[in-house]
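Residue numbering restarts at 1 for every chain, and letters A, B, ... go by the order of the sequence lines.
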Amino acid sequence: MTALPTGVSRKTRWTRRLPFLWLIAPAALFTVIMTAFPILQVVHLSTREFVIGFRSVYTGLDNYREMLADPIFWSGMRVTFELYFLSLAAQLVIGLYLAILLHRALKGSRLLRTVLLSPLAMPPVAVGMMWLILLDPSFGPVNYLLELVGMNKSLFLASPRLVVQTLAAIDTWQYTPFVTLILLGGLQALPEEPYEAAEIDGASRAQRFWRITLPLLRPSIITASILRSVDLLRFFDTIYITTQGGPGTASTTLNIYAYRTGFVFFRMGYASALMLTLMVMVLAITFLLNGVRRRFQ
Amino acid sequence: MRKPGTGEVASTYIQYLVVSIIILAPAAWMIASSFKPSAAVVVYPPILIFEPTIANYVRLFRTLPYLRYTFNSLVIAGGSTAFGLLLAIPAAFAVSWYRTSWPTSVALIARMAPGGLYLLPWYMIFTEMGLHGSFISLVLTHTVITMPITLLIMASFFDEIPRELMECGMIDGCSLGGIIMKIAIPLGAPGMVVSTVLTFILSWNYFLFALVLSRIRTTPLTVAAFRFVGEGVTDWGMLMAAATVLALPPLLIAFLAQKWLVKGLTFGAVKG
């Protein structure tokens, strides 16, 4: 914006600013009422023992103390981060592989891009139902394929040992294409010169990948990681459809636990403390990754 | 860049094929199962060849109010998409015209909270106001999903409009409102298509808010399908029909509007 000419009074500046306020007012008002105010109320609730229609007592930090001593909170943390790291790692590696594959831009790569969009557009609820039947221990086709290649049938979602890996695999099936789209955008924006220089120097394919593509792609990789992190740390839908946190608490993430505490057991105060903890974690990791991205730009 | 050799081309195509199968086969299995006779769905070893029937769909729409659920989903997704546009377009114009970014940042941070966090107070407030289970509460809450995305997308589309064009309008005596109506909105129309496609799909697919806030009259397809699973299913054919009915509209939109959808999905990444 060009600087205002000197001599413009404060009042004119204010009137120039006025339409701005009018224009953002509806969205701002909506955001305050629907999100800012509820967040404050959840902070307030988290200091109370609050059971709907039963009681509401101020208890200070008791909910947070209870949380730190709660084994399901800690197992929820473990499950949340296991799911997060497993899924993110798989999605970045496979996503990068697919982006490079599509970047070759052969005839037919557009068709593959259309194919890649389909899991992204599907509702997680339908994806969960779909994998319930695919992975069914008694009649699921995945087990049939396992038997065909001489392996044992597996319980998958019903197995306390495998349930987290299985859920990570389902999320990877659905959201790797998202990572691919972002990385493909990054690849298409890369400069040509380093590759031409590498060609002259006789660099091998592997060298070009590790020394040029990967470092230059770092900002896109971190962007994809941020967007996936926000979703993965709050992973809910697919779990709630397929296992509801089970067997036992083997797939009870922090989000699932907080939800059940609030809406199955109606302990709104304790649920508020859990939800706030989860929100702070999401924000912290996002800011951390954002800081990393800034350093690379 | 150098031209790839024949061997390389062949291996790339084989990889294209394998990837496509891994992505499409699960969804194809779901759709195929929805057309199988009941007994054929759970038979082991699984079968690929069967006589297709629409019996599962007939049962689904006869025994359950599935037309009603579909209508509810349409109202909620359509309503929140439209309301999101209505709120976001003026705000996006302001953000772009005055070159500030804090409103988008605030809107995006608000989106990072887990949905369940908002649900705790919403549930209590809507119950107190007698709005629990109403379309109003569902459209309002789903707009929390749609509005920030629309704001982000529209702001970047408005950024693309040449400033001189709008300043000309001002010289010709247009008010700011006139500039928005006569210049910004017509030229930003592609942005409206992009955000409509993306937010309609996101809102249609969103599950958590309606899980708590909907009642029989307003239950959308997502929650109906979930209840169905929760009841301890034995009718897998009908279940797969339910999943297909739920998944088909967003899949169709994605297929028909893929150019726009890709734009919308990668926007946050480019701008972010």
Report which part of [X] has an atom under 4.5 Å of a heavy atom belonging to chain B: side chain, backbone, both, or neither.
{"X": "Glu147(A)", "value": "side chain"}
{"X": "Ala271(A)", "value": "both"}
{"X": "Leu98(A)", "value": "side chain"}
{"X": "Leu181(A)", "value": "both"}
{"X": "Val115(A)", "value": "both"}
{"X": "Leu116(A)", "value": "both"}
{"X": "Gln174(A)", "value": "neither"}
{"X": "Tyr240(A)", "value": "both"}
{"X": "Phe266(A)", "value": "side chain"}

Option in [options] with maximal non-hydrogen atom pairs under 4.5 Å from chain A:
{"options": "Ala225(B), Pro26(B), Gly115(B), Ala110(B)", "answer": "Pro26(B)"}
{"options": "Pro45(B), Ser20(B), Pro114(B)", "answer": "Pro114(B)"}
{"options": "Met240(B), Arg111(B), Met147(B)", "answer": "Met240(B)"}
{"options": "Leu261(B), Ile109(B), Leu140(B), Ile89(B)", "answer": "Leu140(B)"}
{"options": "Ala242(B), Gly177(B), Pro46(B)", "answer": "Pro46(B)"}
{"options": "Ala254(B), Ser33(B), Ala247(B)", "answer": "Ala247(B)"}

Do you know which of [options] has the most heavy-atom pairs under 4.5 Å to chain B?
{"options": "Ser109(A), Ala28(A), Ala36(A), Ala25(A)", "answer": "Ser109(A)"}
{"options": "Thr31(A), Leu117(A), Val282(A)", "answer": "Leu117(A)"}
{"options": "Leu278(A), Val230(A), Leu112(A), Leu101(A)", "answer": "Leu101(A)"}
{"options": "Ile226(A), Ile39(A), Leu45(A)", "answer": "Ile39(A)"}

Heavy-atom neighbours of [X] [atom1] exceed 12 at 6.0 Å:
{"X": "Tyr44(B)", "atom1": "OH", "answer": "yes"}
{"X": "Lys259(B)", "atom1": "NZ", "answer": "no"}
{"X": "Arg110(A)", "atom1": "CZ", "answer": "no"}
{"X": "Leu252(B)", "atom1": "CG", "answer": "yes"}

Once you round to the nearest 0.5 Å, how far does [atom1] of [X] lie from [atom2] of [Y]?
{"X": "Tyr98(B)", "Y": "Leu23(A)", "atom1": "OH", "atom2": "CG", "value": "7.0 Å"}
{"X": "Met279(A)", "Y": "Leu117(B)", "atom1": "CE", "atom2": "CG", "value": "6.5 Å"}
{"X": "Ile24(A)", "Y": "Phe93(B)", "atom1": "CD1", "atom2": "CZ", "value": "14.0 Å"}
{"X": "Arg104(A)", "Y": "Gln15(B)", "atom1": "CZ", "atom2": "CD", "value": "6.0 Å"}
{"X": "Ile285(A)", "Y": "Met112(B)", "atom1": "CD1", "atom2": "CE", "value": "11.5 Å"}

Can you tell if the side chain of [X] reaches within under 4.5 Å of the side chain of [Y], non-hydrogen atoms only?
{"X": "Asn205(B)", "Y": "Asp237(A)", "answer": "no"}
{"X": "Val19(B)", "Y": "Tyr97(A)", "answer": "yes"}
{"X": "Pro121(B)", "Y": "Phe37(A)", "answer": "no"}

Counting only heavy atoms closer than 4.5 Å, note whether [X] contacts chain A via side chain, backbone, both or neither.
{"X": "Val43(B)", "value": "backbone"}
{"X": "Thr141(B)", "value": "both"}
{"X": "Leu119(B)", "value": "both"}
{"X": "Phe83(B)", "value": "side chain"}

Heavy-atom closest pair (Leu102(A) atom, Tyr16(B) atom, distance to 0.1 Å) is CA-OH, 4.3 Å
Of the non-hydrogen atoms in Ile22(B) and Trp173(A), which two are nearest, and what is the gap between them?
O-NE1, 3.1 Å
So the side chain to side chain donor-acceptor pair (under 3.5 Å) pairs with at least one residue in residues 255-266 of chain A (sequence neighbours excluded) are Asp70(A)-Tyr257(A)
Run the numbers on Trp122(B) and Gln41(A) for side-chain contact (heavy atoms from CB on, under 4.5 Å), then give the verdict.
CA-CA 10 Å; Trp122(B) 285 347; Gln41(A) 205 180 5; over 6 Å; no
Should the ring pair Phe236(A) and Phe207(B) be called parallel, tilted or perpendicular, given that the plane angle runs from 0 to 90° and is split at 30 and 60?
tilted
Pairs of donor and acceptor atoms involving the side chains of residues 120-146 of chain A, under 3.5 Å and at least two apart or interchain, shall be tabulated with distances.
from      : atom 1 : to        : atom 2 : distance (Å)
Asp136(A) : OD1    : Ser138(A) : N      : 2.9
Asp136(A) : OD1    : Ser138(A) : OG     : 2.8
Asp136(A) : OD1    : Phe139(A) : N      : 3.2
Asn143(A) : OD1    : Ser154(A) : N      : 2.7
Asn143(A) : ND2    : Asp136(A) : O      : 3.3
Asn143(A) : ND2    : Ser154(A) : O      : 3.0

With side-chain contact (heavy atoms from CB on, under 4.5 Å) as the criterion, how do Leu211(B) and Phe263(A) come out once you've worked through the C-alpha distance, each side chain's angles and the decisive distance to 0.1 Å?
CA-CA 10 Å; Leu211(B) 177 64; Phe263(A) 295 103; over 6 Å; no
Under the side-chain contact (heavy atoms from CB on, under 4.5 Å) criterion, do Thr143(B) and Met34(A) qualify, and how do the steps go?
CA-CA 9 Å; Thr143(B) 305; Met34(A) 292 301 289; over 6 Å; no
